[in-house]
Amino acid sequence: MLVPWAVVVVAATAVSATSTAWSSLPIDLKDKARTRTSRDVDSSALPDFDVLDNLFAALSDMQTTYFQNWIGTWPDAIDWTRAVMSTHVSAALRTISDEFELSQPGGGVVGCVLGKEEVVSGYFADIIGYYFAEDAFALRNQAYDDMLWVVLGWLEAIQFVDEHNDFFSNSASTAGLPSMPGAEAWYGNRWVPAFAHRARIFWELASKGWDTKLCGGGMVWNPRLTPYKNAVTNELYIAASIGMYLYFPGDSNTSPYVSSATSESAPCSPSPSPSPSPAGDPNSTNSQGWPARDPRFIVAAQEAHDWLTTSNMTNSAGLYADGFHISGYTSGGNNTRCDERDEMVYTYNQGVLLSGLLGLYQAALRDGGSGETYLREGHTLIQNVIRATGFDLEHNRPIDPIVPNRVPPWRGLGRVGVLEEACDATGECSQDGQTFKGIWMHHFGTFCSPRALGSKSGSGFGSTSEAVRTQHEAECRRYIPWLRHNARAALGTKDDRGLFGMWWTAGLLGLRSTDAVDQAGDAEPFPTSDDGNMVDYRNRGVPHNDIWMGVVDAISNILPREASAKHGPARAQQKPLKVAGGGSGPNGSPSTTTSTRTESRSEPWGSRSQTQSSPWDPNLRGRGRTVETQGGGLAVLRALWVVSRLEV
Ligand SMILES: *[C@@H]1O[C@H](CO)[C@@H](O)[C@H](O)[C@H]1NC(C)=O
Ligand SMILES: *[C@@H]1O[C@H](CO)[C@@H](O)[C@H](O)[C@H]1NC(C)=O
Ligand SMILES: *[C@@H]1O[C@H](CO)[C@@H](O)[C@H](O)[C@H]1NC(C)=O
């Protein structure tokens with residue numbers, strides 16, 4: 001019998017109003033039943049089905065609570081966070097499909113459920129619904145990072161279909177079926193061309209953000225603001241480009257968008273110029289459709305990676321700062337160097353790159369190289385992140401003790417071993433900030449998945465040498481205690497409806513009042529105001545100053561596209577989905593304060609107010625529980641399940 005650690009967590013959560021249960025937590029961490037030393041015990045070699053159980057519940061709660069089938073979307077999310085939510089659902093489906101073989105005796109309740117194809121198909125139907133609900137038109141006019149989340153989302157869906165199809169075509173359940181037209185492949189295959197088309201369109205649009213006039217290269221974040229070259233847009237471009245190289249199956253649909261090119265171009269803009277493709281590739285306006293394995297994708301990914309790694313964007317802790325402004329740009333100086341760094345550190349900026357690095361490794365292998373340095377770069381980044389959460393990988397425990405009703409010290413990207421956003425403790429995360437940790441976990445899970453180095457030799461990938469695989473998997477295995485600690489914290493934030501909160505650390509701390517949190521907030525080195533070199537624009541909004549919004553008109557000199565015709569920050573143009581009968585955002589009106597983000601409200605599906613009957617809940621502050629925080633819970637559990645399969 002397994003020691004069901006998740007049950008331990010649930011029990012601990014139930015007594016969170018008392019302090020005694022918490023002091024023993026670090027010890028719990030050490031005596032996990034499923035360490036390598038207990039492998040000789042038969043049952044310990046089984047996967048931990050409680051994790052799968054919780055993963056499944058997180059997915060189910062996410063879709064039941066936040067997804068509205070009749071409009072095919074998560075109405076309370078915004079365009080880019082919806083793209084991320086679809087990515088989480090597709091990724092969870094990949095994982096669940098992967099585990100169909102576990103639906104044998106010993107798989108428990110989840111195992112039984114997994115035996116049912118309709119579970120996977122049901123959630124895949126949500127993804128199909130979302131394909132039509134995705135506001136592709138609005139996204140076209142947003143920032144380059146927004147577009148690239150779309151690409152990653154559909155590439156994830158394509159990979160899910162590929163993998164599930166493999167299972168389906170090899171499955172005993174389909175063997176012996178009479179052969180009928182269409183019966184040879186899982187039906188999801190029929191959607192791949194549509195997903196591929198959407199991915200291709202958005203990659204093409206986003207690639208226009210690549211610019212060599214400033215900083216010697218790099219993606220611009222937002223064509224409507226003073227040029228800002230940030231980590232996330234460049235990491236996304238790397239991950240999306242190499243993902244297109246590896247997984248895009250080609251697109252013979254030459255329609256630029258859903259309808260014709262002219263009707264979809266912004267009405268008052270000149271016709272789009274040809275893409276300044278990083279590859280300088282004459283094929284960039286290919287009217288014959290796009291081939292798979294187009295070299296332009298790998299060239300773009302490598303070029304962006306080269307630029308990022310030489311851009312001086314990592315700080316002294318080895319973490320990516322947010323990005324670069326160009327000093328003097330507003331005052332008409334001739335400086336073109338990226339020399340004004342915004343020191344703000346967000347979790348997701350340490351994550352998206354991991355998928356890119358894994359892809360670059362796979363591509364290098366395919367092209368006969370070794371690519372090992374990409375893996376090493378990824379492990380270094382992961383270890384820097386873990387260290388910055390205040391976790392000691394040598395001893396598998398947080399460096400600080402958990403003291404009841406006290407918030408432990410901030411360690412750079414978390415505290416007491418748990419990943420944390422700077423906005424979490426104070427409850428000030430925006431809809432953007434609420435999405436970040438889940439993104440980190442998603443890309444980390446991809447990087448350290450047992451599938452990462454590929455059983456792909458049959459499909460044109462080179463094969464990983466045993467030495468590289470052993471090394472990579474040994475490194476990934478080292479992260480599991482930390483990952484388990486984080487999943488445990490996240491599970492501790494669930495409310496009685498099973499919904500995850502945003503501030504995972506709170507799931508470990510027996511916080512009973514706002515006092516402890518206030519004290520911690522006062523002591524932290526977070527920006528309390530926008531001080532120039534550390535601006536939390538993702539949570540507080542883009543400042544209306546010269547650095548950010550000074551020379552909007554000048555951008556048309558750099559970026560040859562219609563986007564600059566529309567001024568104002570991207571977020572303000574984001575139209576919240578209109579939902580008859582409730583749930584829509586605050587009318588999408590551009591804010592005149594420093595907050596330029598259009599957020600949707602979290603009622604009625606999101607947060608609830610504090611009630612007298614339950615203990616004080618720090619995760620009800622701010623935006624409360626939302627689809628974004630649920631996506632984070634789903635992502636950390638999936639990462640734990642996937643990576644901990646390396647232990648089995
Ligand atoms: C353009 O596309 C064709 C067809 O896929 C390909 O053979 C050719 O190499 C591409 N050209 C460049 C410069 O990549
Ligand atoms: C930039 O402008 C300054 C003064 O306006 C001038 O002294 C300097 O040589 C210029 N630098 C370059 C690289 O053109
Ligand atoms: C890298 O960025 C830091 C922080 O802005 C700066 O202090 C340092 O001088 C930069 N290094 C180089 C080589 O530009």
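Only a predicted model underlies this, so the values are computations on that prediction, with no experimental measurement involved. Numbering of ligands and ligand atoms starts at 1, following listing order.
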Near Glu343, which atoms of ligand 3 are under 4.0 Å from a heavy atom of that residue?
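Once the distances to Glu343 are compared, the set is 4 (C), 5 (O).
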Parallel under 30°, tilted from 30 to 60°, perpendicular over 60°: which one fits the rings of His379 and Phe447?
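Correct class here is perpendicular.
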Would atom 7 (O) of ligand 3 count as contacted, meaning some protein heavy atom under 4.0 Å?
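There is no protein heavy atom less than 4.0 Å from atom 7 (O) of ligand 3.
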Electrostatic pair Asp294:Arg296 at N-O distance under 4.0 angstrom:
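Arg296 and Asp294: salt-bridged.
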Charged N to carboxylate O under 4.0 angstrom, Glu428 versus Arg540?
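Salt bridge present between Glu428 and Arg540.
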For the CZ atom on Arg406, are there more than 12 heavy atoms of other groups (residues, nucleotides or ligands in this structure) within a distance under 6.0 Å?
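No.
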Heavy atom to atom 12 (C) of ligand 3, shortest distance: which of Thr310, Asn315, Asn312 holds it?
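The residue whose heavy atom sits nearest atom 12 (C) of ligand 3 is Asn312.
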Looking only at heavy atoms of Glu340, does any of them come nearer than 4.0 Å to an atom of ligand 3?
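Outside the 4.0 Å threshold, so no.
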